[in-house]
Amino acid sequence: MTKRIVILGGGSAGLTTALELQKRHPPQAASITLVDQAPYFTYQPFLPEVAGGHIAARDVTVPLRKTLKRTKVVEASVTGLDSEAKTVTVTSADGEASDIAYDQLVVALGAVTRTFPTPGLAENGVGFKSVEEAQYVRDRILGNIAEAASVKDPAVRRKLLTVVFVGGGYTGVEALAELSDAANSAVDTFPNLSRDELRFVLVEALDRVAPEVGPELSKWTLGQLRGRGIDIRLKTTMPSCVDGDVVLSDGETIPAGTIVWTAGVKPNPVLGDMGLPLGPKGHVNVSATLQVQTEDGQKLDGVWALGDGAQVPDLLAEKQPAYYPPNAQNAVRQAVTVADNVIATLSGEPVKEYRHESLGTVASYGIGKGAASMFGLQLKNVPAWLAHRGYHLYAMPTLNRKYRILSGWVTNFVGGRDTTPLVGLGDPRAGFLKVTPKVDAKK
């Protein structure tokens with residue numbers, strides 16, 4: 001009888017699990033189904049380069065159906081789980097719900113942007129977790145620069161040329177640095193604008209930025225960003241941003257034309273709706289073998305979890321209990337372990353534990369700028385930037401996308417940075433609606 005393997009989520013963890021299963025397991029021995037709302041995977045570490053204009057937005061995505069030739073891809077959202085009946089409930093875009101039966105279930109639903117009920121944030125802010133958001137932020141900032149060149153009111157102009165990032169972690173710092181460089185290049189094309197008029201502000205509640213690169217490089221990163229004219233506000237929060245007026249906890253109000261929220265992520269809330277055992281921060285509780293288990297150690301039959309939505313024990317850490325950080329490096333390696341363990345389970349063989357020593361961290365702050373901690377070495381600027389590009393190009397799935405990204409880098413090197421804003425992408429039908437007469441359907 002054909003065994004049914006169902007994977008929930010098409011991110012780094014889910015896609016890699018499917019690819020590994022396809023490669024290692026005969027197609028006649030098991031069917032593989034992957035469920036995700038989007039028809040493509042997004043390589044999120046390259047989103048800052050999308051915003052910076054070095055990589056085309058489409059090139060950081062991987063089409064799931066084309067890539068997973070021996071996997072059935074179901075475009076739907078996960079809305080329920082019956083672990084006793086071994087069925088998952090999914091809902092399609094038209095609201096139709098259906099059940100998918102499984103023998104082995106892999107939960108890789110990842111994380112979502114963590115927000116707070118900040119007045120004005122929903123109306124004026126934008127996240128930076130999807131390729132659509134990265135492209136929108138780029139076009140908004142470049143579009144505001146073009147608009148600022150044509151306005152007379154100094155206050156309006158200042159607001160258009162002000163960008164506020166909230167959250168100084170890995171993602172926020174990389175995106176801010178890339179966009180700052182892109183904005184400077186764009187301003188240079190307008191004779192009546194100067195770089196001095198641009199204002200980039202980073203608001204961070206902690207006393208440091210980019211903590212992922214370690215204390216020393218974090219301190220160096222802070223100085224590097226401030227040396228580029230970026231206003232860094234540490235130990236500061238944003239209580240409100242109504243009408244784009246960013247109110248800071250230190251009492252200052254900054255009118256901003258663009259507000260980008262990069263203040264962390266949290267496990268996908270649907271994990272709680274599925275009735276899975278969760279840790280204190282909402283991650284699925286798993287054993288070192290990545291099997292979902294309750295607090296008392298009882299394992300759910302045939303259910304595995306990994307990636308940003310799982311609380312995976314780090315058995316190599318000196319101080320226990322410890323858990324692996326939620327990042328792509330761990331997600332793809334956990335996926336290999338899950339694929340091995342699913343195959344082992346179906347074959348009646350023992351499963352293995354996930355153990356991984358970090359390879360380090362790499363961060364890019366724009367062309368020729370960055371920080372990296374790898375194999376005990378601390379790198380800055382060009383060496384770190386090259387390490388960042390090299391590692392992520394290697395990690396990018398499919399040869400097609402690797403080639404496209406590399407070609408884009410070469411094109412940008414030869415032809416220079418493109419600073420053209422596609423301002424209509426936010427509402428592409430606006431122009432059409434403007435010229436199309438409305439008809440009363442009741443007449």
Side-chain angles (χ1 to χ4, degrees), residues 4-25 27 30-47 50 57-81 88-93 98 100 102 104-113 127 129-134 265-271 273-274 276 283-284 290 292 303-310 326-339 342 392 395-402 404:
R4 300 157 298 187
I5 303 172
V6 177
I7 303 168
L8 306 181
S12 292
L15 173 62
T16 306
T17 301
L19 287 170
E20 290 294 321
L21 287 169
Q22 284 188 164
K23 181 172 65 176
R24 301 175 185 218
H25 213 57
S31 66
I32 307 171
T33 301
L34 185 143
V35 181
D36 198 279
Q37 289 178 278
Y40 54 84
F41 154 82
T42 299
Y43 191 70
Q44 294 180 355
F46 272 146
L47 292 184
V50 171
R58 194 179 302 273
D59 292 344
V60 301
T61 66
V62 175
L64 294 175
R65 285 188 175 86
K66 184 177 180 180
T67 305
L68 300 173
K69 297 184 183 297
R70 286 162 46 191
T71 297
K72 179 182 179 181
V73 176
V74 176
E75 248 180 87
S77 58
V78 179
T79 51
L81 167 66
V88 176
T89 302
V90 301
T91 303
S92 59
S98 60
I100 300 176
Y102 68 85
Q104 298 291 315
L105 178 68
V106 179
V107 181
L109 291 170
V112 300
T113 301
K129 191 162 172 45
S130 69
V131 66
E132 293 86 358
E133 288 174 331
V265 296
K266 63 179 180 181
N268 196 322
V270 75
L271 296 171
D273 299 333
M274 295 170 67
L276 293 168
H283 301 82
V284 180
L290 302 172
V292 176
V303 185
W304 315 79
L306 70 161
D308 291 359
N327 55 36
Q329 182 182 148
N330 279 304
V332 297
R333 285 164 177 79
Q334 289 166 7
V336 175
T337 299
V338 164
V342 167
H392 286 301
M396 181 72 199
T398 78
L399 287 173
N400 176 282
R401 286 318 195 240
K402 293 179 196 289
R404 287 175 177 269

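Just so it is clear, the structure is predicted and the values come from calculations on it, not from any experiment. Side-chain atoms are counted along with the backbone in the values below, which use heavy atoms only and exclude waters and symmetry mates.
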Do [X] and [Y] have side chains that approach each other closer than 4.5 Å (heavy atoms only, starting at C-beta)?
X: Q22; Y: L68; answer: yes
X: L81; Y: L105; answer: yes
X: L19; Y: T67; answer: yes

Which atom of M274 lies closest to which atom of L109, heavy atoms considered: SD-CD1, 3.8 Å

Donor-acceptor pair, distance only, cut-off 3.5 Å: does the side chain of [X] make one with the backbone of [Y]?
X: R65; Y: V73; value: yes
X: R401; Y: V60; value: no
X: K129; Y: V112; value: no
X: S77; Y: T91; value: yes
X: T79; Y: T89; value: yes
X: D308; Y: A111; value: no

Residues in salt bridge (Lys or Arg N to Asp or Glu O under 4.0 Å) with E132, at least two apart?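 Testing E132 for salt bridge (Lys or Arg N to Asp or Glu O under 4.0 Å), a comparison that skips the adjacent residues, returns none.
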
Output all residues satisfying salt bridge (Lys or Arg N to Asp or Glu O under 4.0 Å) with K23, sequence neighbours left out; order by chain, then residue number. E20

Name all residues meeting the side-chain hydrogen bond (donor to acceptor under 3.5 Å, both in side chains) criterion together with R58; count only those two or more places apart in sequence or in a different chain, and write none if there are none. none

The side-chain hydrogen bond (donor to acceptor under 3.5 Å, both in side chains) partners of Q104 (sequence neighbours excluded) come to W304

Can you name the residues that form a ring-ring contact (aromatic ring centres under 6.0 Å, His included) with Y102, not counting sequence neighbours? none

Among residues at least two apart in sequence or on other chains, which ones pass ring-ring contact (aromatic ring centres under 6.0 Å, His included) with F41?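 Not a single residue meets the ring-ring contact (aromatic ring centres under 6.0 Å, His included) criterion with F41.
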
Mind checking the OG-CD spacing from S12 to Q334? Nearest 0.5 Å is all I need.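 The distance works out to 11.0 Å.
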
Taken to the nearest 0.5 Å, the spacing of T16 OG1 from L21 CG works out to 11.0 Å

